[in-house]
Amino acid sequence: GVAPDAKILPVRVLGRCGGGTDLIDALTWASGGSVKGVPDNANPAQVVNLSLGGSGTCPAYLQKAIDDATDRGSIIVASAGNEDQDVSGVSPGGCENVITVGASNSNGARSFYSNYGTGVEVSAPGGDPDVDNGILSLSQPSDPSSPPYAFMAGTSQAAPHVAGTGALLKSADPGLTTAKATTVLQDTSQPLTSCDRDACGTGIVDAAAVAALSSEQKPGGTPTEDPGEAGSAPSDDPEDSGGLRETPGDIWDHIRGDK
């Protein structure tokens, strides 16, 4: 992944009868707050990814939970949503104090479904069925013997790219705030080849540039690239897909060592 040394804290947010209350409790608990009837989290999440959304402007109770979580030191990353509308009309992508992520395709342009607007801070690869196969993602196949991966598309796939990049930043600066993280992510982002709406964020997140910058900030770090030059523009070659044209089965075989 983007941050291979990061530890994952899985928290159920939506499930049977799941909804707003579950989201508030999960966000509170994950960030180190107290939830009635549940032991406190001994390892609060430094970065919280919210690959979810609903229609309507950000409700006050959700905004308060987000503000409280960031006050406890967590950085909140949220998907912009897949309705091809201004992100101000959805939540949590339209809430304040979050890093809102739109989706780009393999050509470096806005994915046709991605929400947009001034509330989007940055974009990241989310896939686009009109252009590419999508993003290799964990899945739950109906057949247990099948590989637990599938190609999917959405801002839910884009947001974790930014959450992982945020983890790289946090590893270099544990006291990093959402505002500072946003600035670094935007300053190191690569321009989209096309944004066909009024705003798609500053560009596509560049994890390589952030990693190089983080290496510089760590004592004894030796960056291998100039942060301003790290990363690369999307390839014009339709056959160049970074090796992700393999089927999930092929990839699963590689992981298990069968190939």
Side-chain angles (χ1 to χ4, degrees), residues 1-4 49-53 77-87 90 93 99-117 120-142 146-168 185-186 188-211 230-255 259:
V2 176
N49 182 78
L50 296 177
S51 284
L52 51 88
V77 178
S79 55
N82 307 325
E83 295 77 31
D84 186 22
Q85 70 176 55
D86 193 287
V87 73
V90 302
I99 301 175
T100 300
V101 185
S104 61
N105 61 32
S106 60
N107 290 335
R110 183 188 77 96
S111 300
F112 76 89
Y113 54 79
S114 181
N115 288 349
Y116 52 85
V120 176
E121 273 75 37
V122 70
S123 292
D128 186 332
D130 290 343
V131 177
D132 52 55
N133 286 348
I135 305 300
L136 187 66
S137 309
L138 285 172
S139 69
Q140 188 172 11
S142 56
S146 297
Y149 297 96
F151 287 100
M152 302 179 184
T155 56
S156 286
Q157 277 62 49
H161 286 87
V162 175
T165 308
L168 295 176
L185 290 168
Q186 291 182 323
T188 55
S189 64
Q190 298 290 326
L192 282 88
T193 58
S194 172
C195 175
D196 57 351
R197 296 294 186 267
D198 60 342
C200 303
T202 57
I204 302 172
V205 67
D206 188 339
V210 170
S232 60
S235 172
D236 293 329
D237 182 358
E239 299 301 319
D240 181 7
S241 58
L244 290 184
R245 296 288 180 182
E246 294 180 288
T247 68
D250 290 336
I251 295 168
W252 186 232
D253 288 339
H254 283 303
I255 292 171
K259 285 190 175 180

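Glu121 has its side chain out of reach of Val162: every pair of non-hydrogen atoms, C-beta onward, lies at least 4.5 Å apart. Using a 4.5 Å heavy-atom threshold, the side chains of Cys200 and Val120 count as separate. A heavy-atom distance below 4.5 Å is found between the side chains of Asp86 and Asp198. Put simply, the side chain of Tyr149 reaches to within 4.5 Å of the side chain of Leu138, judged on heavy atoms. For the pair Asp84/Arg110, a side-chain contact is recorded, criterion being any heavy-atom separation below 4.5 Å from C-beta on. Side-chain contact check for Asn115 versus Thr155: every heavy-atom pair is 4.5 Å or farther apart.
No donor-acceptor distance shorter than 3.5 angstrom exists from the side chain of Ser79 to the backbone of Ala159, with no hydrogens or angles considered. When atom types are taken as modelled, the side chain of Thr100 and the backbone of Gly93 share a donor-acceptor pair closer than 3.5 angstrom.
Closest of all the heavy-atom pairs between Val90 and Gln85 is CG1-NE2, 3.4 Å. Here the closest heavy-atom approach between residue Ala103 and residue Ser123 is recorded as N-OG, 4.5 Å. Here the closest heavy-atom approach between residue Ala199 and residue Tyr116 is recorded as O-CB, 3.2 Å. Annotation for Gly102 and Ser114: closest pair CA-OG, 3.4 Å, computed over non-hydrogen atoms. Here the shortest heavy-atom pairing between Val2 and Ala207 reads CG1-CB, 3.9 Å. The minimum heavy-atom distance linking Tyr113 with Pro129 is given by the pair CE2-CD, 4.4 Å.
A distance of 9.0 Å separates CZ of Phe151 from CD1 of Ile135, quoted to the nearest 0.5 Å. Between the OG atom in Ser104 and the CD atom in Gln190 there is a gap of 11.5 Å [rounded to 0.5 Å]. Rounding to the nearest 0.5 Å gives a distance of 7.0 Å between CD of Gln157 and OG of Ser51. In this structure, Asn107 CG and Leu192 CG are separated by 11.0 Å, a value rounded to the nearest 0.5 Å.
With Ser111 as the fixed residue, the side chain to side chain contact (heavy atoms under 4.5 Å, CB included) test singles out one of Asn105, Asn82, Val131, Asp130: Asn105. For the pairing with Val101, the side chain to side chain contact (heavy atoms under 4.5 Å, CB included) check across Asn49, Val77, Leu185 returns one residue only, Val77.
Between Ser194 and Asp196, the side chains place no donor N or O within less than 3.5 Å of an acceptor N or O (distance only, hydrogens not considered).
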